[in-house]
Structure formats: structure tokens, C-alpha cells
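Worksheet: one structure, shown below.
Chain letters run A, B, ... following the sequence lines, proteins first and then strands; every chain starts at 1. This is a predicted model, so every value here is computed, not measured.
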Amino acid sequence: MTTTPRQLLEQQGPIADDVVAVRVGDRVVDLHTPVADDAVVTPVLASEPAGLKVIRHSTAHVMADAVQRLFPGTQVTIGPAIDDGFYYDFDKKDGGFTDHDLGRIEDEMRAIIKRKSPFRREVTTREEAIRRFTALGEAYKVEIIRGFPDGEEVSYYTHGEPGKEWLDVCAGPHVPTTRHLAAVKLTHAAGAYWRGVETNPMLQRIYGTAFHTKEALAEHLALLEEAKKRDHRKLGKELELFMFHEYAPAMPFLLPRGTRVMNRLVELLRKVYDDEGYDEVSTPQIFDRRLFETSGHLPNYRENMFFPVTPDAIDELVLAGRRDDDEAKKLYAARLSEIERLAQKPMNCPSHCLIFGAKRRSYRELPMRLADFGRLHRYERGGVVHGLARVRSFSQDDAHIFTTEETLEHEIEKFLRSFYALYELFGFTRIDVKLATRPEKRMGTDEMWDQAEGDLARALDKAGLPFEVTPGEGAFYGPKLEFHVHDALKRSWQLGTLQIDYALPASFELGYIGSDGKEHRPIMLHRAWYGSLERFFAVLIEHVGGAFPTWLSPEQVAVLSVNEAQEAYGMSVVQQLKARGVRAYGDFSRDKLGAKIRNARLMRVPYLAVVGAKEQELRAVTPRSQRDGDLPQTPLAEFIDRVAAEARLPSLPSLAETREQSSRLGAANKSAHPPRKEDKRRHEWRQAAPASIPGRTSAVPRSASTTASASPRSA
RNA sequence: GCCGACCUAGCUCAGUGGUAGAGCAGCGGUUUCGUAAACCGCAGGUCGUGGGUUCAAAUCCCAUGGUCGGCUCCA
């Protein structure tokens, strides 16, 4: 094979400037990699995703080159293209890279790019490559090459002026020359373990991004800025939804406005629970350790648990420690173990097993669905906590379903249908499904795991849901279905989950009497739709940019007076709204109307109702909607009817309706609610389905220039 | 937990060895005003905390808490 794609393309005519590689079958290769003489090659353009990937990977090489020029002695490791850019990991002798360093590196990269040197590919033997990189002092590269099978060819790439080429082991492909690297930006530096293993040395990673044009790069950076404005931590502070304090790190305080939203989220679920046969329970926070020995949490989950200690236990330990005789040493050891006598619950499942096991159960009681909004505490290491999305104290829409083999499949189906109906209601359309299989640390037999993993995979197939298998990521008691949704900055968070558990019913020796009069063991499902309420709240805040739909909003109407003469009328408007269950407040301060509007808009109040002299006289209001802007003056009674209707808790479509939906799960952007019958007047209000969240259009204030761009999906 | 950065008034941020600042919010007054910020004044900080260096520390050094970006780990 001596023919290059460049030659093949040239036979078809001159090669366009923006061709960075070619596609041969499924492979993307560069223009100078030899291919079969009769290969069918199609150009890969700089602007298409595959082309951008080539550009970014090539940029990573140039960055590594720049780093080694500026910081001699720094070793290179790996540097792949990733979703929105690339990174390269370095072993730098004296600590990490500063922001100042990043600027210098970027300048150096521009200088390298300006020289327009070609990327060249060479092939050598494994042994020769090892010799070559050993001579360069690149220990990590040598380790990588040693990992290749014996006798395998090794390709490497160079760029740069002759005699000063920069060299990297690499499968490619790369752009023809550095000329194609038009727009480059280094974003941040961070530590990363070599090969991602915590016990390996910490390397220094630089993240960057690159595009085919400067305009595309600028657009991407603007998008990131826009996304940062939706960060739930920022909005949580601005909108007074929640706060943190260093006296309770990573444990959120939900403020009045945030609590109102959360309560609505829970109210909605309680209604669904009623429809679907769940029974809510409430269980203790602190247990004797024996519970978690039985459940397997102590052997498998201890590192994530808090252990409360009584003052007696501490005092006795201190006293025993003060004495210095043999008996005291024995006493001390005994007291020390007492310290861990109590444990704060990290999950609800053990309590629910106790409830199930508390009396003789009949098959007639199954499926038994126990729901629990109880607060959980999990010790999380300092570096992993993240706003409301990863906390140490949280609650879940947790429920455990005790079921028979026969009804298991039906229960899973029911879970999936309601899950998708719920998420569609909130406007989440991009949901990644993962099937997490048996971890190393686990309970139960392999047969149980085979069974449970198979059950879940079959249920997904039956629902027509594409999913990814993540081996070893399951819970210690059973495999998990995980439902992941992205935040504003495209970080993916697991929200809902469904887990099949054969292990805990066995550990707790749970049983029920079947219709045959014999004792049988139930199967347990652990399930949550929202997952952690706090995390769901975080993702929801970012999804809607702080502008909640009316039914969820902490305040639904702000009544604004034009001047003090309307205060009495305004107060009566607020009272009448409240009487109809609408969360309303009045702003009768001496501010100008413009200022009142600004304040209410900043707090994302869905409806403003302006009352001036005209409105007072006509018993009317002039509304303005967060979503639709100014609305015509409306009689008060009509306004109240309208808002009260929109403020009501939405209902999930019935199971029959969702059956149809579940067959098109993942279909984008369809409203859960068909448009209602509208009369003329309603039409003026530009009715949208009240329950669906307009995340893509009005989630950020209208004044923002790139309204749609803040959506994580549109990037 | 690891690597790096950051922490100044309620919030957003200036201030890099020599007397702690601004805007907004708050409070007091003036203004009564029609769709995104009226005007004047007042008050507010042992510069996260604890040590150290120095004649002198918000500023330099060490420790510690918290936060942020990643890594690892998870709802």
C-alpha cells in the first residue's frame, strides 16, 4: 500500500482548503497515511465533528510541543481530543501550571502554528520506538509502548521544522499542516492521576479547545459564559433558594424560596404515589450498627457513613485512656469499639426491610411499595462535593418495592413509564440510560446477579430504550439502571435509578406466605425518579435558568403599584389571589414602576400584575408574563382564574397515555400535554402547556443576546 | 482524599509591605413617578481562622477551615 488519500483525492480534482482528513469506510485517516490503491475515500471537512476532533487532537500535540519548549524536562503522557476540546497530561517537575503559564503556552503554540509545518507520520517497530523514547527520557511513553503487543508496528507523528521536530507516539489521524489550527484557547489546568488510578502519581493536565475558525471558537466561549450564568450555585444565591455554611460543609440550607419549590416537587410525587399504590413511611436517622452489619453497609459502604457518638461513650473512652494498667487497656479497647455502635443512615433500604419483616406477610400484600423522603447522610470526600448536586445531607424520592417474581417485570415497566412521563413534564429530553453491573465488593451469589442484570437488560430492550453497560458500577446489593441528565456545563448527573436486589431480602431473611401456603422470598426493587431531590433541584434550576414554571415558582404573582394611591387596591388583589391558592405578594414601595418590574423580573416571578389608577377604577390589572412579555389589561377576576389554573399542580398523563409515549422515548421536544382547547381570550395569552417548561426559549432574561444558546443541548 | 487556584462590607468586586475602597443591597430623608435601576445622606470590615517574618502585613511565609476547576469516588 503506497497510495495516499491525497493522491486519490487529487484524481478527483483540487483538494479544498478545509479538508483535514478522509474517511475510509468507518475509519478517519490523514491525507498521507497509505491506503489500498482502490480505496474509496471521502473528504472530512474541518467544520464537521470528525474534522474538529482531528483538529483538536493535533492541537494537543502542538500544546505538548510548546510545553516542552517552555518547560524543559517535562515529560509527556497522553493527550486525547474530548467532547468540546482536548487535554494533555504532563509530568512537570515543579508543580502545576499557572494561568500565566497557560498564556505563555498559548503564545508559543501560535508561534509553532504560524510556521505551517506539516504533520508527518512514520512507522517503526515496537523495539525501535522503545529505544527512541527511552533516549528522549520519556518514561511514560515507554510504558505506553511496552503495553503494545510484541512485534506490533508503532506509528508516531512529528511536526515542526526539520531538526527540531516534535515527536509523539500516536495512532493519528492529524491535520495536514499546523495551518489548519486556526483558533486555539487553553481553558484551565488541573491535576489528574496517571492512567486515572488514585495510587498513581499526580500529573498536570491542561485543558483547551480548538475550532476551525476564530468565529466558531468565539461562539463556543460565549456559550460557556452563558452556561455559567445558569450555574445553580450562582442562581441559588441570587434567587435566595438555598445557602451553605462552613459549620455544615456540603449540607444545604434550603431557604424559604427554595423550600417552596422543593415542597411542590414532593407534592407532585405524593400525588403520583397515590395513583400508583405507594405507601409513604418515615423511619429513624440513627441505628444500632447491627442493622448495617445485616444489610452489608458496614463491610461495603462504611467509608461513606457518619457515625454519631453519645457523650457517655466519649467520656468513658477518655476515662479509660487516662488509666495505665492492663485492665484499663482492655477497657479502652472495649470502649473504642463502642464509638462505632451507632450509625447515621446512608440509605433507607435497611429500615424498609425491618418494616417488611416486622410481621408475617401474605402474597396478597405484594407488591408492597414503601416510599420514604427521609434525610440521608453520606460522608463524601472534600473534593467531590458540588453545590446541591453532590452533598452530604440529602433526601430522595426513595421507595422500595417488595414483589414476587411474577410481578417484577410489570413493576419495572410501571417505573419506566412514570419516569419518562415525569421527565417529559419538566422538559428533560436528553436522558442517558446506563446499566451498571456487579461491582467487585458485593453481596449475593453470581446466580442472583445473572438473574438481576438479565431482568434489567430485558426490561430496557422491551421498552425500546438504548443503554450503555457500565461494568462494575452497580450497587453492592444489586445492579442499577441509572438515568443521567446534564447540567448547564454539560456535566452529567445521575438522577433516577432502579435497582433489583435479591441480596437484602436474603440477608434480612424476608419472606411472605404464597397462595400455596408456603413461605417465599420477595424480590426488592430500589427505585427513585428524581433521585436526590437536591440534585434534581440543581439540574432543574439550570435547565430553566432559574425561571420555574408557574406551578413550581416560589412566588407566582407580584402585584406592583404605580404609586401609593393604589396600595389598598393592590393589597386586595394580593388577598384575592392568595384566597385562590396563588402565591402572590405586593410591592407597594415608593420605587418607580420600572424598578419594581426590574426587581420582580430578576427574581423570575412568572406574572407581574401592574395596578395603577386605571386598573383600580376598572377592577383590573395589567399583567406581564415572564415568558410572554406584556399582556393586555385584564379584568381582575379573569386574571385570577387564569393564574390560579396555571398555578395548579400538573398531573402526569395516565399510564395508558404514557404507554404510547414510552414507545418513542427520547423523541425530542414533545410536550407532555396536548394543547388545550382554547377560546379567543386565551389565545391572547399565547397559551402554552402550563406544565411544560420552556427551557429553550425563555429560560434566561429576554435581554440576554443569545437566549437559546444557554441550553446545554444546543451546543 | 490528591493537584492547582481562590477567600476583602449582605452581594459583586478594586486594593501586592506604609491610615481598608467602590457599586448595588440596608437604614434615614427628599421625590408620587405607567413597564428592567429617581436623588441626597448615614451606617456597615480585628481583609476566612491561627501562628510566624518585619519598625510596619489584606499584601510575604507556615498551618488550618471553606470554596472553585479537575482527578479519583458517587444520588
Side-chain angles (χ1 to χ4, degrees), chain A residues 87 89 92 95-99 101-102 187-207 228 231 233-234 237-238 240 243-250 301 303-304 346-347 376 378-392 394-398 436 473 475 480 482-485 489 491 493-497 499 526 528 530-536 538-539 560-567 588-602 608-615 622-624 629-631 633 701-703:
Chain A
Y87 68 78
D89 286 347
K92 182 165 171 282
F97 296 98
T98 63
D99 286 350
D101 292 338
L102 294 195
T187 52
H188 56 285
Y193 298 105
W194 166 232
R195 297 206 145 143
V197 178
E198 209 180 346
T199 46
N200 280 351
M202 176 67 66
L203 304 173
Q204 302 304 326
R205 174 173 298 179
I206 300 177
Y207 283 92
K228 273 188 198 157
D231 189 316
R233 293 167 298 188
K234 182 174 152 66
K237 205 183 274 184
E238 286 171 5
E240 294 182 23
M243 59 169 256
F244 288 92
H245 194 279
E246 68 170 299
Y247 287 175
Y301 204 73
E303 65 202 43
N304 283 299
M347 297 185 193
L376 305 175
R378 297 185 187 171
Y379 175 69
E380 299 283 357
R381 301 201 289 182
V384 307
V385 295
H386 181 91
L388 283 187
R390 181 93 180 257
V391 291
R392 294 189 174 128
F394 62 102
S395 51
Q396 294 176 300
D397 60 322
D398 198 11
E473 301 287 313
K480 299 197 285 190
E482 299 178 353
F483 299 89
H484 293 257
V485 176
L489 286 167
R491 288 177 286 222
W493 296 98
Q494 182 190 322
L495 295 176
T497 181
Q499 304 159 14
H526 306 238
Y530 294 149
S532 146
L533 299 184
E534 284 75 3
R535 175 177 291 181
F536 186 86
V539 175
L560 311 179
S561 58
V562 173
N563 63 46
E564 284 182 350
Q566 294 90 42
E567 180 166 350
F588 311 126
S589 65
R590 291 168 61 162
D591 281 338
K592 290 171 72 172
L593 180 59
K596 295 181 190 185
I597 287 173
R598 180 182 147 84
N599 290 337
R601 297 271 309 166
L602 285 175
L608 314 187
V610 174
V611 293
K614 286 178 284 182
E615 288 81 3
T622 300
R624 172 164 164 159
D630 288 332
L631 299 169
Q633 194 180 86
R702 263 154 217 290
S703 54

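For B/C47 and B/U59, the C1' atoms lie 10 Å apart once the distance is rounded to whole Å. Across the C1' atoms, B/A37 and B/C73 are found 46 Å apart, a figure rounded to whole Å.
The distance from atom CG of A/N200 to atom P of B/C3 is 15 Å, rounded to the nearest whole Å. If you measure from atom NZ of A/K592 to atom C1' of B/U30, you get 14 Å, rounded to the nearest angstrom. The CG-C1' distance, from A/L602 to B/U35, rounds to 14 Å in whole Å. Following rounding to the nearest Å, A/D231 (CG) and B/U12 (P) show an atom-to-atom distance of 12 Å.
Residue A/F394 and nucleotide B/A75 are classified as a stacked aromatic pair, their ring centres being separated by less than 5.5 Å at an interplanar angle below 30°.
A donor-acceptor contact under 3.5 Å is formed by the side chain of A/Y193 with the base of B/G1. Applying the 3.5 Å distance criterion, the base of B/A75 shares no donor-acceptor pair with the side chain of A/Q499. Judged by atom type and distance alone, A/E615 reaches the base of B/G34 through a side-chain donor-acceptor pair under 3.5 Å.
The base-pairing partner of B/G34, taking Watson-Crick or G-U wobble contacts with both distances under 3.5 Å, does not exist among the strands shown. Here B/G65 sits opposite B/C7 as a Watson-Crick or G-U wobble pair (both hydrogen-bonding atom distances under 3.5 Å). The partner of B/C39 is B/G29, judged by Watson-Crick or G-U wobble contacts that both fall below 3.5 Å.
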Criterion salt bridge (charged side-chain N to carboxylate O under 4.0 Å, His left out) on A/R381 and A/E198, from CA distance to verdict: CA-CA 13 Å; A/R381 301 201 289 182; A/E198 209 180 346; 2.8 Å; yes

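Within 4.0 Å of A/R233, counting heavy atoms only, lie sugar-phosphate atoms of the nucleic acid but no base atom. Across all strands, A/H386 comes closer than 4.0 Å only to sugar-phosphate atoms, never to a base (heavy-atom distances).
No more than 12 heavy atoms of other residues, nucleotides or ligands lie within 6.0 Å of NZ in A/K592, so this atom counts as exposed by the packing criterion.
Contact check for A/M347 versus A/H526: no side-chain heavy atoms found under the 4.5 Å cut-off.
Of all nucleotides listed (B/C73, B/A36, B/C2), B/C2 comes nearest to the side chain of A/M202. Among the nucleotides B/C74, B/G34, B/G1, the one closest to the side chain of A/E198 is B/G1.
By the 30° and 60° cut-offs, the orientation of the rings of A/H188 relative to A/Y207 is parallel.
Between the CD atom in A/Q494 and the CD atom in A/E473 there is a gap of 10.0 Å [rounded to 0.5 Å].
Mapping A/N563 and A/R390 onto RNA chain B via the closest heavy atom, the residue that lands nearer the 5' end is A/N563. Both A/D591 and A/A475 sit near RNA chain B, but only A/D591 has its closest nucleotide nearer the 5' end.
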